[in-house]
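As the structure lists them, so they are numbered: ligands from 1, and atoms in each ligand from 1.
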Amino acid sequence: MTIAIVSAMREELAAVLALMPDEHKQLAAGREFFVGHLHGRDVVAVLSRIGKVAAATTASVLIQQFGVKAIVFTGVAGGLAPGVHVGDVVVADEFLQHDLDASPIFPRYEVPLYGVSRFATDAALTAQLAAAAQRALPGVKVHRGLVVSGDRFVSTTGESRALQSALPDALAVEMEGAAIAQVCHDFGIPFAAVRTISDRADDAAHGDFLKFIEEVASRHSAAIVQALLAAPDDL
Ligand code: SAH
């Protein structure tokens with residue numbers, strides 16, 4: 001069974017790619033797909049690029065062209081809920097697009113013609129990912145819950161507060177997860193996502209983000225992915 005490991009940015013995936021020495025590159029949809037092995041498992045690793053459309057394209061190609069049987073996203077996100085701090089880890093139980101609004105025809109956030117605004121991640125894979133994150137990063141707080149996605153780098157305290165009051169159960173904000181969750185729902189493919197908090201999506205977010213992706217993001221991703229793939233459980 002082939003598992004896809006996806007990140008948006010090179011800084012998030014570099015250390016994972018370094019663990020796949022026998023990888024070979026395949027080009028599709030203008031992206032490089034790194035096909036190889038990790039802990040004896042068949043893996044395709046790829047950079048989705050940033051944003052929901054780029055993520056959806058990547059997920060579709062992984063499923064249709066590479067035949068992956070599960071997708072795991074690893075990267076960074078801005079913390080929203082008060083207890084979610086820089087350096088914490090968030091494992092998504094469900095995703096919502098915070099910038100989707102077809103009201104008044106459809107309720108705000110509802111994906112038109114799906115009748116839902118939230119897509120759940122795969123329960124079993126998510127439990128394995130959360131356990132792997134905790135094993136890989138002992139001492140790091142691992143949260144589980146709602147993650148919201150939109151085509152915006154949220155970097156003002158005003159916007160962060162507006163998101164928190166509109167969606168009080170949202171733990172973190174990023175730019176890809178909800179798109180991949182919807183594609184995986186369409187194809188019936190298990191999806192799980194882990195994000196390390198790089199910033200608080202506030203006025204200091206930009207500086208915090210840049211420092212964090214350089215120093216921590218890639219190491220965290222590699223440690224969590226290794227712990228997940230090394231686990232004896234069937235994935
Ligand atoms: N290239 C820009 C920003 C990249 S976008 C820069 O260097 O400043 C941020 C990436 O990290 C996205 O892939 C997104 O999923 C995630 N992310 C981290 N913090 C975020 C935030 N506060 N708001 C939205 N996305 C965030």
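- Salt-bridge check for Asp93 with Arg118: failed, with every basic side-chain N at 4.0 Å or more from each acidic carboxylate O.
- Under the side chain to side chain donor-acceptor pair (under 3.5 Å) criterion, the residue pairs touching residues 199-213 are Thr157-Asp203, with sequence neighbours excluded.
- None of Tyr109, Tyr114, Phe191 except one satisfies the ring pair (Phe, Tyr, Trp, His ring centres under 6.0 Å) rule with Phe119; the exception is Tyr114.
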Per-pair distances, ligand 1 N/O vs protein N/O, less than 3.5 Å:
{"from": "ligand 1", "atom 1": "8 (O)", "to": "His206", "atom 2": "ND1", "distance (Å)": "3.1"}
{"from": "ligand 1", "atom 1": "13 (O)", "to": "Glu176", "atom 2": "OE1", "distance (Å)": "3.4"}
{"from": "ligand 1", "atom 1": "13 (O)", "to": "Glu176", "atom 2": "OE2", "distance (Å)": "2.7"}
{"from": "ligand 1", "atom 1": "15 (O)", "to": "Met175", "atom 2": "N", "distance (Å)": "3.0"}
{"from": "ligand 1", "atom 1": "15 (O)", "to": "Glu176", "atom 2": "OE1", "distance (Å)": "2.6"}
{"from": "ligand 1", "atom 1": "15 (O)", "to": "Glu176", "atom 2": "OE2", "distance (Å)": "3.4"}
{"from": "ligand 1", "atom 1": "15 (O)", "to": "Arg195", "atom 2": "NH1", "distance (Å)": "3.1"}
{"from": "ligand 1", "atom 1": "19 (N)", "to": "Gly78", "atom 2": "N", "distance (Å)": "3.3"}
{"from": "ligand 1", "atom 1": "19 (N)", "to": "Asp199", "atom 2": "OD2", "distance (Å)": "2.8"}
{"from": "ligand 1", "atom 1": "22 (N)", "to": "Val154", "atom 2": "O", "distance (Å)": "2.9"}
{"from": "ligand 1", "atom 1": "22 (N)", "to": "Asp199", "atom 2": "OD1", "distance (Å)": "2.9"}
{"from": "ligand 1", "atom 1": "23 (N)", "to": "Val154", "atom 2": "N", "distance (Å)": "2.9"}

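- Salt-bridge annotation for Arg49 and Glu176: absent, with no side-chain N of the basic residue lying under 4.0 Å from a carboxylate O of the acidic one.
- Between the Gln164 side chain and the Leu80 main chain, a donor and an acceptor come within less than 3.5 Å of each other.
- Salt bridge Lys141/Asp88: absent, no basic N to carboxylate O contact under 4.0 Å.
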